[in-house]
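Here the structure is laid out as structure tokens; the discussion comes afterwards.
First listed ligand is number 1; within each ligand, the first listed atom is number 1.
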Amino acid sequence: MSKAQDNLAAAFAGEAQANRKYLAFAKKAEEEGKPEIAKLFRAAAEGETVHAHNHLRNLGGVKTTTENLQEAIKGETYEFEKMYPEFIAGAQAENEKGAEMSFEGAKKVEEIHQKMFEKALEKLNAGEEILDLDYYICPVCGYPAAAHAPEKCPICATPGEKFYKA
Ligand code: FE2
Ligand code: FE2
Ligand code: FE2
């Protein structure tokens, strides 16, 4: 890998983080009754998304949908089988409760992501119809519900009326 390619990878990570950070900051500004600052953070966040996508594309990181599904399955599998179990054990050893809960919720949802992507890839390969469904997301753990929100989140018990459409 050339130095430029290494730098694209580092810049992609940084821009992707800045995007999510600014969206969290926008939400906080709104809670503080500062909608004009929230808009500023959202505008910058959109720009960081453009930068992140440019860097990823120039890294060759966006391929065909079949390849992208394979890549997503690989990433989700690594996260729920290896990364999060290790992080959870580490958080327990250090008695970091917040970190442990954060990792636990993510681990369970990554496994669901993996299964959703696997099913989609199987159907794509078999030429079967993939239903065009809307998804509703749990605001606490990220659990995705197809077609409609459940009565409560099967992972963290958040009431369904709190879910939002993806
Ligand atoms: Fe940027
Ligand atoms: Fe995931
Ligand atoms: Fe949840």
Closest non-hydrogen contact found for L133 with A146 is CD1-CB, 3.8 Å
Smallest heavy-atom separation, A166 atom then I137 atom, equals CB-CG1, 3.8 Å
Give a yes or no on whether E151 atom CD has more than 12 heavy-atom contacts from other residues, nucleotides or ligands under 6.0 Å away. no
The angle formed at the Fe ion (ligand 3) by SG of C153 and SG of C141 is about (to 10 degrees) 100°
For the Fe ion (ligand 2), the nearest N/O/S atom on H113 is atom ND1
| field | Side-chain donor-acceptor contact under 3.5 Å, T64 with E67 | value | yes
So CG of L8 and CG of N54: to nearest 0.5 Å the spacing works out to 10.0 Å
Distance check below 2.8 Å: does E76 bring an N, O or S atom to the Fe ion (ligand 2)? yes
Taken by chain and residue number, the protein N/O/S atoms under 2.8 Å from the Fe ion (ligand 1) read E15 OE1, E15 OE2, E48 OE1, H51 ND1
Smallest heavy-atom separation, E129 atom then K123 atom, equals O-CD, 3.6 Å
Interatomic distance, NE2@H113 vs CD1@I73, rounded to 0.5 Å, equals 13.0 Å
**Message:** Would you say the ring centers of Y22 and F41 fall short of 6.0 Å from each other?
**Reply:** yes
The atom of E110 among N, O or S that is nearest the Fe ion (ligand 2) is OE1
